[in-house]
Structures are given as C-alpha cells and as structure tokens.
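The structure presented is a predicted model; accordingly, all values stated were derived computationally and were not measured.
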Amino acid sequence: MKFVWGIHPNALAYSMTTLGAGMMNSIFNFYYVKLFLNRYKISEAAFHQAQVVFMIWNAINDPLFGYIQDNSAFSCCSRRQFSILYGAPLYALAFLLPWFPWKHYEEGDWQSGLHLIIALCAFDGLLTFVLLAQCALFAEISTRHESRLQLIKYNQVATLLGSTSILFCGLISDNMENFACFQAFTVLVAALATACMCYTGKYSTSQYEQREICMENANLENGDGTLSWSSVISLTKQIMAEKNFLLFVAMNFFQIFHLAFCNNFTMIFADNLIPKDVLPSSLRSIMYGAGFICPQCLVLLSHTSLKKFGYYRIILFSFYFEGVAAAAMFILGSEHYYLLAFYLTTNMVIVQASFSLFNLPLADIVDADLIKHKRRSPLSSMVFGTNALFTKPAQSLAPMLVVTILNQFGYENLNNEVAQPDPRPCGMLELRNFLNDFYLHIKKKVTASRGRVCPFLPYFIYLTHFIAFY
C-alpha cells in the first residue's frame, strides 16, 4: 500500500522518529561539551566523574532496556510503537536539561558536575528506550533486503532534515554566543521532535505485530510475563556466542569512538586552528551544518551502489578514504585554512555516513539469530542492546581522553583567560600546533585500529547474505 504520491506509509512513519531524534541528538552531541567546558566552567575532575558515571549507565541501560522490551508483559514496553509513543515526551524533556543552568555557575562549581551527570544519564536513558524500540522496528518491519534498503533511504532523508537543526541553531544563536536564542531554539526543537516521534508511535506497524498482541494476551492469562536474571544471562550468552557479532562489535567500538570525537570536538579544533578573520561565524555555522547534513545526502546518492556492491565494501572503502585523507592533510599541514576546514567537514561526513549503514549488519544478525535458535519472534532489542553494551562506552572514553590531553597543553587556561589578551603567544602557538598534530594522530590511530578489524568482516557478510530470508 502506498500514498498517492508514491510514499510508503510505514517507512514514513518509521522515519519520523529518526527526524525527531536527529534534531535533538545533533544539537546535544555537538554543543554539550563546549557548553559545560566554556560556559559552565566545569572542572576537569568533575567532567571526568560525569563521564565515568555516564559510561557505566550508558553500557548498562541498553541491554537492560533491550531485555525489558523483548520480554515485558506490559505493552508500553513490549510493543515497539508504544515504547516510542510514551517515551517521546520524556525524551524531549531530557534533551532540555543541559541548556538551562540551575544557577550562575562559578569556576569549578560542584553543581555543574552534578548537572552534567543528570543531563547525560537522563538523556541517554530516554534516548535508549525510544531508539532501541525503533531499531527493533527496523529489523521487524520486514526481513527482505530490498525493504530494509528502502527504510535506510527514508531514514536518511529524515536524518538529513533533522541534522539541519545544527545549521539553523548556529545561525540563530551565533554558534551559542546568543544563549537566550539558543535556549528558545532548543525548546522549539523539543516540541517538534515530540510530535514527530508520536507519529511513529501511532502509525508504524511490523510483521510481528499481531503475534505480539497474541503473546501479550497469553502472558496476561497465564501470568508468565515475569523477568528473570537467568533468562537475561542465557539469551545474552547465545547472542555473544556468534563470532560474526563479536567481530562487528569490535569494529563498531572504534567507529563510535571516532564519531564521538568528531561530534564533540570539531568545533573546538576549528575555533583554535582556523582564525576567525579567515572563516567568519556565518561560514563556520554552514561548515558545522554541512558536517551533519551532507552524510545523509551521501548515503542517499550511494543507494544504487549499496545494491550493487553491498554495505561491507562501501563501509570498508570509507575507512580507506579516511586514512588517505588524514595522510594527505598531514603532509600539507594546517596552514592551508580553507583546505583544513574542508578536511574537518569531510571527515565528519564520511564517519557519519558510514555509521548510518550499521543497522543493516545488525538486522542481519537478528535474522540469523532468529533462524539458528528457532525463536517465535526476533530478539531485536536484545541484539541491539548487547551491541551497545560494549560499544557505547566509547562515547565517554573519547571526550575523557581528549579533554585530559587538551588541558595538559593549556586549553583550560585558555578558556579561563578568554576575555583577556594572552600574555604568552608562544603558549597559544604550542596549543595550536598540538591541536593539529593531536587531531591527525588520533585520526590515523583510530582508522588503523578499525582497519585491523575489517579484514575479518567478509566472513560475516557472506554468511548472512547466503541465508535465505526472502
């Protein structure tokens, strides 16, 4: 069934959550580090403490929510659509937490550290609850490869539209310099995102929907909807016993580390490496917006290539391209400011674009697990959640590592003296040179690490493609 304009209603409903989440996630990941470091003056110790708490919670909540959503007797948890519908308003409220300070923070104020802990944990908890249900929908709407490629296509259009929030936020708030406008814009984004995700909760369907309703009724009649830790451990062991799953998780860890590095620190590196008289604020806003918008355009343009070559070859090619680009920029040096801006933007685009394809192999893993263990319904949320258990800590490790090293080279002092002329120009030059070397060094190391994992992936790809899902 299609709309008059040729739009698939179920794919549209599915992608609306991507649109809402994309608007909020882009702003949150791009601005929260700079907000707490530069505006709230959080201490390095408090920042690390918050990231450690976040790392633990981030790893635990994915498999926990995954098990609850796959096995709960309550429809608000077990039904993917209801999880999105009821979780969306809370998700939007959690998004607003960091942008409204509890008071005027002094430098090193302990309350700014507590604020960061609550903001990170609340936002990630609700993000996980809603997006884990959406990931499960991706695997359960259809097992046909063509249908999943169609979902990817709709998803990328939604992500493209959602990522424009970075562009408009930068232009409206002058890259967060006008903080009142920034706050007003985040409230508007939260309201729009809630409406989008509620649309998914009301109108999306999956091929397992009728089976889920029957199982809910049976559980209510028999009273067997209770959860047990033995079941959690048993199902997790079955998922982790798959060599293909472990290989994917290893590669995905480094990809998420690199993605968090790009999202959180591209603005900081650009501000310190490229003089403001060379690249004014308006162009920087366009540059940052392009880093979130262009990946979706790239994935949409590569739709034909995905069908022809498969996602494995496309992802592997992106890794090689990143390594070559890093080497070329290292040889040319950071004095070519426009070329450096282009490189920073291109790097964000390639990393985000390749990461956008990762739901395809995970959906294949869900299908393989369903067939191997002869399950009545797929453990979609548990597979995605177990993957997140080992990969989500990279989201905290990246900012912890980078902030520690930056502060060793005077970045914290530079922020504290932002209103004063720097009496030590050589110190600024040292930081600037270090930023350039550090960026390229990390870039090459992460690319090389993923490159060592990728040669093992053909076994995974070919195995899953030979299974008949059609």
Just by distance, do the side chain of R39 and the backbone of L35 share a donor-acceptor pair under 3.5 Å?
-> no
S43 (side chain) donor-acceptor with A46 (main chain) under 3.5 angstrom: yes
query = Below 4.5 Å, heavy atoms only, C-beta onward: do L397 and M55 meet side chain to side chain?
reply = yes
Taking everything shown except Y105 itself, do over 12 heavy atoms lie less than 6.0 Å from its OH?
yes
Exercise. Is the ring centre of F358 less than 6.0 Å from the ring centre of F248?
Worked result: yes
Answer whether the closest heavy-atom distance between the side chains of L246 and K243 falls below 4.5 Å. no
Would you say N263 and M348 make side-chain contact, with heavy atoms under 4.5 Å? yes
Item to check | Under 3.5 Å side-chain donor-acceptor pair for S173 and N178 | outcome: no
One should read off an interatomic distance between L167 CG and M287 CE, to the nearest 0.5 angstrom, of 13.0 Å
Original post:
Are the side chain of Y203 and the backbone of L12 linked by a donor-acceptor contact shorter than 3.5 Å?
Top reply: no
Donor-acceptor under 3.5 Å (T164 side chain, L161 main chain) = yes
Can you list the steps and then say if Y288 with F30 is a ring pair (Phe, Tyr, Trp, His ring centres under 6.0 Å)?
CA-CA 9 Å; Y288 302 144; F30 196 68; 5.2 Å; yes
Dump the intermediate steps for ring pair (Phe, Tyr, Trp, His ring centres under 6.0 Å) on F317 and Y320, then the final yes or no. CA-CA 5 Å; F317 174 78; Y320 291 146; 7.9 Å; no
(message) Assess, by modelled atom type and distance only, whether the side chains of Q255 and S354 contain a donor and an acceptor separated by less than 3.5 Å.
(response) yes
Query raised in the report: Any chance the side chains of S15 and N155 put a donor and an acceptor closer than 3.5 Å?
Result: no
Looking at side-chain heavy atoms only, is the closest gap between L97 and L93 below 4.5 Å?
no
Practice item. Spell out, as yes or no, whether a donor-acceptor pair under 3.5 Å connects the side chain of H115 to the backbone of Y40. Key: no
Sub-4.5 Å side-chain heavy-atom contact between N252 and F355: yes
- Message: Whether the side chain of N58 engages the backbone of K392 through a donor-acceptor N/O pair (distance < 3.5 Å, no angle test) should be reported.
- Response: yes
| message | ring pair (Phe, Tyr, Trp, His ring centres under 6.0 Å) for F123 and F28? Distances and angles first, verdict last. | response | CA-CA 9 Å; F123 181 75; F28 190 95; 3.9 Å; yes
Please check this pair: side chain of R284 against backbone of A270, looking for a donor-acceptor N/O pair closer than 3.5 Å.
yes
Exercise for review: Start with the C-alpha distance between N347 and E322, add both sets of side-chain angles, then the distance that settles side chain to side chain donor-acceptor pair (under 3.5 Å), and finish with yes or no.
Suggested key: CA-CA 7 Å; N347 181 55; E322 291 170 27; over 6 Å; no
Donor-acceptor contact below 3.5 Å, side chain N387 vs main chain V383
no
task: Under the side-chain contact (heavy atoms from CB on, under 4.5 Å) rule, what do T186 and F182 come out as? Steps first, then yes or no, please.
output: CA-CA 6 Å; T186 58; F182 178 86; 3.9 Å; yes
Short side-chain to backbone donor-acceptor contact, W99 and Q183, under 3.5 Å:
no
